[in-house]
2 protein chains.
Amino acid sequence: MAIKVHGAPVSTCTARVLACLLEKGVEYEFIPIDFAAGTHKQQSFLSLNPFGLVPVLEDGDLILFESRAITRYVADKHKDEGPDLLGSSKDPIALAAVDTWMEVEAHQFNGPISGLVYQIVVNPFLGMDPDEEQIRTHLEKLEKVLDVYEERLQETKYLAGDFYSLADLHHIPYLLYLMRTPMSSLIISRPHVKAWWEKVSSRPASLQVSPGLNLS
Amino acid sequence: MAIKVHGAPVSTCTARVLACLLEKGVEYEFIPIDFAAGTHKQQSFLSLNPFGLVPVLEDGDLILFESRAITRYVADKHKDEGPDLLGSSKDPIALAAVDTWMEVEAHQFNGPISGLVYQIVVNPFLGMDPDEEQIRTHLEKLEKVLDVYEERLQETKYLAGDFYSLADLHHIPYLLYLMRTPMSSLIISRPHVKAWWEKVSSRPASLQVSPGLNLS
């Protein structure tokens, strides 16, 4: 029985999971959730994820939510298919580096970039003016994070080391949105971050989720 | 060579790591960071964690930051000592459940409870008035999360299943702050959350980090 993914192509958290499944070459059935119809707040969906959020993964009887827990499960279960996205299952030091930079993405990067994309992509799409004060706050934080990345990526090809991992992959969805705006300069102006992004974004799995991450 | 932990006892992220080391019975040397003196922004500390945040763990040549990556490393490295905080290293389904509820803590619970504790504990300590609007916003979100926990804990003794894990442990530091305020009613009014908290907070490791989490 194929894995099922409940989600929406425009959702960054859904795209995170899809990119991981595509890297691994794992077949899946995609079940689109209709936000406009409020499907995610109906009991049938809440029984899968009580928080009413996408994505949800069903693998037989196993039901998982939270995108970063799902990618970890997929990367671990399919560690011998495609690239080993957890460093190397046999090397706890590499795994610890992957975990560290996955946490950096979740706790340092995700907040400011999601806030920024919300202001400069989502708000205009909804016909609302961006909040300039919010933009300034998020921008300042994101610049500091990217400065650390620039330094890090002078030492290693990817965030966790010289290998592609979930630590890189988790960054893809929001960066795909950002890179279609004038704020792409945040990446382009930092040579090592730029080189990293070119490698990461040109992977077949990244190219496949990219068209879905589009509100227009 | 003993593990070194750079941090501060009042820091929730430091306490998360200490609670994990104490559960495992792993000896460590504690190196206090003097925030008032700005030690965390000096080059010697930034060379350990470029984000200038505590805690940092040193295990021989390995340097790790981000509390939830550190606890995962410690729990994995010392899986045979003390309770298996990752479910069971041999059961990927249990591990996926631990990962899911660790992510719930990080992405659903941590935001509102840290915001709330900041307003009702940190602000008064700094002689500032709490922001009532902020309190309302965080409270509303936290109540919804705790409602899901109440339902979940009717089915399982702990968040990830019938076993204590990092998914529970990661909640301890902020809840220790919250439980000393009138907002403890958020926990006490939900019978299954209350029973869970009584089990979790009475563990020797939880009791040991508790006194440090105090601003006064």
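Just so it is clear, the model here is predicted, and its values are computed rather than measured. Throughout, a chain's letter reflects where its sequence line sits, starting with A, and its residues are numbered from 1.
Atom OH of B:Y28 is surrounded by more than 12 heavy atoms from other residues, nucleotides or ligands within 6.0 Å. In this structure, A:D61 places its CG atom where only 12 or fewer heavy-atom neighbours from other residues, nucleotides or ligands lie under 6.0 Å away. For A:E151, the CD atom sits in a loose shell: 12 or fewer heavy atoms of surrounding residues, nucleotides or ligands are nearer than 6.0 Å. Summarising the local packing, CZ of B:F30 is surrounded by more than 12 heavy atoms from other residues, nucleotides or ligands at distances under 6.0 Å. Environment of CD in A:E140: sparse, with no more than 12 heavy atoms of neighbouring residues, nucleotides or ligands closer than 6.0 Å. Under a cut-off of 6.0 angstrom, the local environment of CD in A:Q154 is crowded, with over 12 non-hydrogen atoms contributed by other residues, nucleotides or ligands.
A distance of 7.0 Å separates NE2 in B:H107 from OG in A:S67, rounded to the nearest 0.5 Å. Taken from CG in A:L64 to CD1 in B:I93, the straight-line distance is 7.5 Å, to the nearest 0.5 Å. If you take CG on B:L53 and CD on A:Q108, they are separated by 5.5 Å, rounding to the nearest 0.5 Å.
Considering only heavy atoms from C-beta on, B:E66 stays 4.5 Å or farther from A:M102 through its side chain. A:R72 is not listed as a side-chain neighbour of B:E103, based on a closest heavy-atom distance of 4.5 Å or more. Taking the side chain as every heavy atom from C-beta outward, B:V145 and A:F51 approach each other to under 4.5 Å.
When all heavy atoms of B:Y73 and A:P92 are compared, the closest pair comes out as CD1-O, 4.4 Å. B:F65 and A:T100 make their closest contact through O-CG2, 3.5 Å (heavy atoms, listed as atom of the first residue, atom of the second, distance).
Looking at B:I70, neither its backbone nor its side chain comes within 4.5 Å of chain A, counting heavy atoms on both sides. When heavy atoms are compared at a cutoff of 4.5 Å, B:V148 approaches chain A solely by way of its side chain, counted from C-beta outward.
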